[in-house]
Amino acid sequence: MTDPAVPAASGARQFWRRLRTQRAALVAAGVVALLVLVALAAPLLTAVEGQDPTTYHPSLVDSARGGVPIGSFGGASADHWFGVEPQTGRDLFARLVYGARVSLGVALAATVVQVAIGITLGVAAALGKRWVDQLLSRFTDIIVAMPLMIMSLALLAIVPASFPRPVLVALVIGLIGWGNIARIVRAQTLTLKELDHVSAARLSGWGTWSIARRELLPGIAAPVITYAALLVPSNITVEAALSFLGVGVKPPTPSWGQMLTAADVWYQAAPQYLLLPAGALFVTVLALTVLGDGIRTALDPRAASRLRIGTGRRRESKAPGGGTA
Amino acid sequence: MNGFTGFVLRRAVGAGVTLLAISVIVYVVFYATPGNVAQITCGPRCSPEQVHQVARQLNLDDPLFVRFGHFLQGLVAGQDYSTGTSVQHCSAPCLGLSYQSDQQVMQLIWAKLPVSLSLVAGAMVLWLILGVGTGMLSAWRRGRFSERVLTGVTLAGTATPVFVIGLILMIVVCGELRLLPFPQYVALTDDPEQWAWNLLLPWLSLALIEAAAFARLTRASMLETLAEDHIRTFRAYGVGERSIVGRHALRGAFAPVIALNANNVGSAIGGAVLTETLFGLPGIGQELVHAVNVVDLPVVVGMVLVIGFFVVLANAVADVLYAVADRRVVLT
């Protein structure tokens, strides 16, 4: 009987070695780590600043001019590092760092839900009876076909308003976006099922559940991690988009997408009100995408070099026959 | 050719079955919460009796499958609705009446559809040109500095949400440089020139984001083709590099680009919702956001089904195109 712990451990070491050789992925990992740290330490950071994300400061905005922040650069000062929000006077730094919590938290939670559903249904389809497979696969086809943005937007119409909004948004995104994971898991499980160690386990009378857990899960880990790593930035974008439309995370909870809803009106008086959340979104999604590409290259170098998707692999681009133009 | 016709027919039937399944799932999911809907339609100050009356008026008390039966019947044969005093006939395909305005959902969608179609169709032309062009260029300039710049720009494109790029474009082009007026929808049939000018920025915003994926794919599949033996043979025969990249390698990218384009119709419609909201274009996206905010379920369900129709249609057309483009594809 193969012990899954042994190949998994050496696989992990190999993975780190391959990830370390990619400079872009390392930088991205550093940025992501920093963002996670900021999100976790949001209460601490705002305590240092001495502000919180929800208190109104009417005295800091000029109500005669429609609520423009008083002072240069949108009211930035020693008290309010990034200035204040137009109209309400809420502290922008506090809203930005708390926004990181919402963005990353919702995206990660949604990814966990997507991966959990995807693995369950994918394995069930691959190991189940023919009709189970047919049913689940057709259902997956439909889920994949429906646009994630539209479906989550529409679903948010019927969810109970009493629920905490960020949890709800994460759940809705998670409940819809699992289709591709399920497909990948099903395909991988079908391949693994035919391998000797799985047949051996079956012949020695293991139950389906133990086979799935001990023989199959280690085998599907790599493709699932690869795809999940790219789901995180996509989920961040969807959350930001929903909040931008006013149906996602609602005030007073801060979210980057929601901050951008009114930003275009204020760009002249308070340009950072637009640029900060936009920049935060851009850097976060970019870093996560580059890291995801790096993880893919590290987990499956052959596929990555075949597609030449790796971001820091200059050697690839000088492959034989290249650069003759 | 008979095999091909049969393939198209089978594909059409498959698309129809998928659509039916989608409508069952969507209907069940959205109408499984009846009490809530009546309460919200009635307003927060309604008494329980009034809520109950609204629920009865909207037939929310009937079992779900009965209501779905009515819905399907309306879709196929049309339906009559009594709106208190008069009877309104809703002809097939009928998606029901809006809870808010008693307007027919299908009419509502028909009125808004030209805006969204203009947006997505125009943007699609742009993203195909931009994406395939950029991908070709970076495959051609492989290993050069310019290729790395293009790769960087493409990566930035995949990381930028459409509403961020739209916001920045709008502020820079319309606000600061005043090159274009802030977009306002003008119907194509009214004034084609104004139609195009006003849609230019929304098109660009949507296309720039979508083009990134096409650039990556085109580059990857062209590089894959360039590594194949028949290309080496062309080179050995002295075929020019421009012709090899521009004609033979590009052919290899054709099928994957078609497939991606079909897959991206869904995400593009999602992007169109954001673009419409951002630029204030009165399309179905804006209407959908409004319907979600006021919990107008017939409108939400109708929109989701119409969007699902377009996605399924795009995939079916892509499959057929795929088979036409590449005769090696096995027709099943």
Side-chain angles (χ1 to χ4, degrees), chain A residues 138-139 141-151 153-161 233 236-238 240-241 244-247 257 260-261 263-264 267-268 274-275 277-279 281-290 293 306-309 311 314 317-325, chain B residues 18 21-22 25 29-30 32-33 36-37 140-144 147-148 151 155-156 158-164 167-168 170-171 175 216 219-220 223-224 226-227 232 235 241-242 245 266-267 269-271 273-274 277-278 288-289 291-293 295-297 300-301 303-304 307-308 311-312 315:
Chain A
R138 291 295 84 74
F139 185 51
D141 287 350
I142 289 171
I143 284 284
V144 172
M146 292 311 286
L148 177 60
M149 245 314 282
I150 302 289
M151 286 307 285
L153 174 62
L155 268 185
L156 282 168
I158 55 162
V159 290
I236 285 192
T237 313
V238 174
F244 173 76
L245 291 174
V247 294
L260 287 167
T261 309
D264 58 330
Y267 77 91
Q268 272 175 326
L274 166 77
L275 294 177
L281 261 178
F282 176 71
V283 169
T284 309
V285 175
L286 184 65
L288 283 165
T289 310
V290 172
D293 276 353
R306 196 172 63 239
L307 294 168
R308 293 175 177 85
I309 285 167
T311 41
R314 252 169 301 157
S317 54
K318 292 210 175 111
T324 47
Chain B
T18 310
I22 288 179
I25 295 172
V29 167
F30 281 88
T33 52
N36 199 8
V37 174
W140 184 40
R141 310 295 293 176
R142 182 161 49 132
R144 306 276 186 97
E147 187 232 353
R148 296 183 59 198
T151 310
L155 191 65
T158 55
T160 316
V162 59
F163 54 95
V164 169
L167 256 174
I168 290 170
M170 183 160 73
I171 285 172
R216 286 183 130 193
R219 172 173 174 275
L223 289 181
E224 203 165 334
L226 282 175
R232 200 181 310 159
R235 281 218 178 89
E241 192 62 27
R242 185 177 295 231
V245 173
S267 88
I269 294 175
V273 173
L274 292 160
T277 308
L278 177 65
L288 177 62
V289 175
V292 167
N293 275 324
V295 199
D296 197 342
L297 280 194
V300 173
V301 169
M303 297 252 172
V304 169
I307 290 169
V311 171
V312 171
N315 279 303

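Residue numbers start from 1 in every chain, and the chains themselves are labelled A, B, ... in the order their sequence lines are given, proteins ahead of strands. Bear in mind that the values here come from a model prediction, so they are computed numbers and not experimental data.
Contact of B/Leu226 with chain A is not made at all, since no heavy-atom distance falls under 4.5 Å. Looking at B/Thr18, the atoms closer than 4.5 Å to chain A (heavy atoms on both sides) sit in the backbone and in the side chain alike. For a residue to count as touching a neighbouring chain, one of its non-hydrogen atoms must lie under 4.5 Å from one of that chain's; by this rule B/Val304 touches chain A with backbone and side chain alike. For B/Ile22, the parts lying under 4.5 angstrom from a heavy atom of chain A are both the backbone and the side chain. Proximity to chain B (any heavy atom under 4.5 Å) is shown, for A/Leu260, by both the backbone and the side chain. Contact annotation for B/Met303: neither backbone nor side-chain heavy atoms come within less than 4.5 Å of a heavy atom of chain A. A/Phe282 touches chain B through backbone and side chain together, each having a heavy atom under 4.5 Å away. Heavy atoms of B/Ala156 lying under 4.5 Å from chain A belong to its backbone as well as its side chain.
Comparing A/Thr289, A/Asp141, A/Leu156, A/Leu155 by heavy-atom pairs within less than 4.5 Å of chain B, the highest count is held by A/Leu155. Ranking B/Thr158, B/Thr277, B/Leu274, B/Asp296 against chain A, the residue ahead of the rest is B/Leu274, based on heavy-atom pairs under 4.5 Å. Ranked by heavy-atom pairs under 4.5 Å with chain A, the list B/Val273, B/Leu167, B/Val164, B/Thr160 is led by B/Leu167. When the candidates A/Leu153, A/Ile236, A/Val144 are compared by the number of heavy-atom contacts under 4.5 Å with chain B, A/Leu153 comes out ahead. The candidate with the highest count of non-hydrogen atom pairs below 4.5 Å against chain A, out of B/Val301, B/Ile168, B/Leu288, is B/Leu288.
Annotation: side chain to side chain donor-acceptor pair (under 3.5 Å) contacts of B/Asn293 (sequence neighbours excluded): none. Partners of A/Pro147 according to the side-chain contact (heavy atoms from CB on, under 4.5 Å) rule, which considers only residues two or more places apart in sequence or in another chain, are A/Ile150, B/Ile307, B/Val311.
The shortest heavy-atom contact between B/Ala21 and A/Ile142 is CB-CD1, 3.3 Å.
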Q: Begin with the C-alpha distance, continue with both residues' side-chain angles, and end with the deciding distance and a verdict on side chain to side chain contact (heavy atoms under 4.5 Å, CB included) for B/Phe163 and A/Leu245.
A: CA-CA 10 Å; B/Phe163 54 95; A/Leu245 291 174; over 6 Å; no
